[in-house]
Every structure is written in structure tokens, then in C-alpha cells.
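Here the structure is laid out as C-alpha cells; the discussion comes afterwards.
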Amino acid sequence: MGDQQGVRVEVYGADVKCASCVNAPGSKETYEWLQAAIGRKYNDSTVTYSYYDIHEENQDGADPSIIQQLLDDELFYPLVLVENEIVGEGDPRLKRVYKALEKNGIHPKENS
């Protein structure tokens with residue numbers, strides 16, 4: 001494995017869909033979809049996934065300033081971060097997520 005360190009993928013969301021996201025998948029669905037998509041394309045053994053509900057208090061690892069921005073409608077959820085960089089909000093695109101993973105040293109599987 002060498003010195004490859006883990007890459008954090010975080011999703012902030014809520015059970016209730018945001019008003020502008022009525023036809024988009026929910027936050028939990030997006031979180032699960034991202035895990036499956038990343039796992040198909042990459043060896044994701046060094047990727048750690050975290051989901052934070054913006055209406056839940058005292059979640060280990062959650063960034064209170066991001067949660068506040070989401071609650072104030074300054075950002076849209078589901079919000080996807082790779083290593084603290086926002087790579088998608090509202091309806092995240094896999095291409096941006098993949099680009100961020102590769103920038104952080106995650107490589108596609110040989111057969112993808």
C-alpha cells in the first residue's frame with residue numbers, strides 16, 4: 001500500500017429535500033450512490049465516507065460553518081466535499097468528484 005493516505009468524501013444533507021431539488025435524489029440516496037459509483041471505478045479502500053445531517057447536532061467530524069451555510073441557504077444540499085473541497089452541491093456531477101479524487105491520489109481500477 002505504501003504511503004498512500006486516506007481521502008475523505010463527505011456529504012452534507014437532510015432527510016427533507018431542498019425546495020429547488022424536488023426532482024433530484026435525496027441526500028442519503030446521493031451519499032449511497034456516490035459510494036457505489038466510486039467503488040466501481042476506483043480502488044476505494046483508502047476512501048473514507050461520512051454523511052452529516054444538517055438538522056442533527058453534535059456530529060463528530062461535521063464542520064459547523066458548512067452546516068450553518070446550508071441552513072442559511074448559502075449552499076445547496078446535498079453538498080459533496082472531497083478533502084474539504086466542495087465538488088458538488090444540489091445535484092453533484094460524478095466527473096467533478098472523480099477529478100477531485102484523482103487530484104488527491106486515488107487511481108482508477110485497471111479495467112475501468
Handout entry: W33/L94 under side-chain contact (heavy atoms from CB on, under 4.5 Å): CA gap, chis, key distance, verdict
Key = CA-CA 10 Å; W33 167 73; L94 277 176; 3.6 Å; yes

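- Under the salt bridge (Lys or Arg N to Asp or Glu O under 4.0 Å) criterion, E85 pairs with K103, sequence neighbours left out.
- Among residues two or more places apart in sequence or in another chain, the side-chain hydrogen bond (donor to acceptor under 3.5 Å, both in side chains) test is passed with N58 by none.
- Inspection of the Y98 and E102 side chains reveals no N or O donor paired with an N or O acceptor under 3.5 Å.
- For the pair V80 and I86, the minimum side-chain heavy-atom distance is 4.5 Å or more.
- Of the inter-residue distances, the one linking E83 atom CD with I106 atom CD1 reads 8.5 Å to the nearest 0.5 angstrom.
- Nearest heavy atom pair, residue L71 against residue H55, reads CD2-CE1, 3.7 Å.
- With sequence neighbours excluded, the residues forming a side-chain contact (heavy atoms from CB on, under 4.5 Å) with S50 are E10, Y52, listed by chain and number.
- Here H107 contributes atom NE2 and T46 contributes atom OG1; the two are 9.0 Å apart, rounded to the nearest 0.5 Å.
- Contact annotation: the side chain of L101 approaches that of V7 to within less than 4.5 Å [non-hydrogen atoms, C-beta and beyond].
- With values rounded to the nearest 0.5 angstrom, K28 atom NZ is found 6.5 Å from D53 atom CG.
- Remark: K109 is not positioned above the aromatic ring of Y42, lacking an NZ or CZ atom under 6.0 angstrom from the ring centre and at most 45 degrees off the axis.
- Taking all atoms of both residues into account, the shortest heavy-atom contact from A14 to S27 is N-OG, 3.1 Å.
- For the residue pair N104/R8, the side-chain donor-acceptor check at 3.5 Å is not satisfied.
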Please table the atom pairs, donor to acceptor, closer than 3.5 Å between any side-chain atom in residues 62-70 and protein atoms at least two apart or in another chain.
from: D63; atom 1: OD1; to: S65; atom 2: N; distance (Å): 2.9
from: D63; atom 1: OD1; to: S65; atom 2: OG; distance (Å): 2.6
from: D63; atom 1: OD1; to: I66; atom 2: N; distance (Å): 3.4
from: Q68; atom 1: NE2; to: D72; atom 2: OD1; distance (Å): 3.0
from: Q68; atom 1: NE2; to: D72; atom 2: OD2; distance (Å): 3.4
from: Q69; atom 1: NE2; to: S65; atom 2: O; distance (Å): 3.4

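- In this structure, V97 and V87 approach most closely via the heavy-atom pair CG2-CG2, 3.9 Å.
- Residues passing the side-chain contact (heavy atoms from CB on, under 4.5 Å) test with E89 are L75, F76, L79, sequence neighbours excluded.
- Annotation: Y12 is not in aromatic contact with Y51 [ring centroid separation under 6.0 Å not met].
- Heavy atoms of other residues, nucleotides or ligands lying less than 6.0 angstrom from CD of E74 number more than 12.
- Take D44 and apply the side-chain contact (heavy atoms from CB on, under 4.5 Å) test, not counting sequence neighbours, and it matches I38, V47, Y49.
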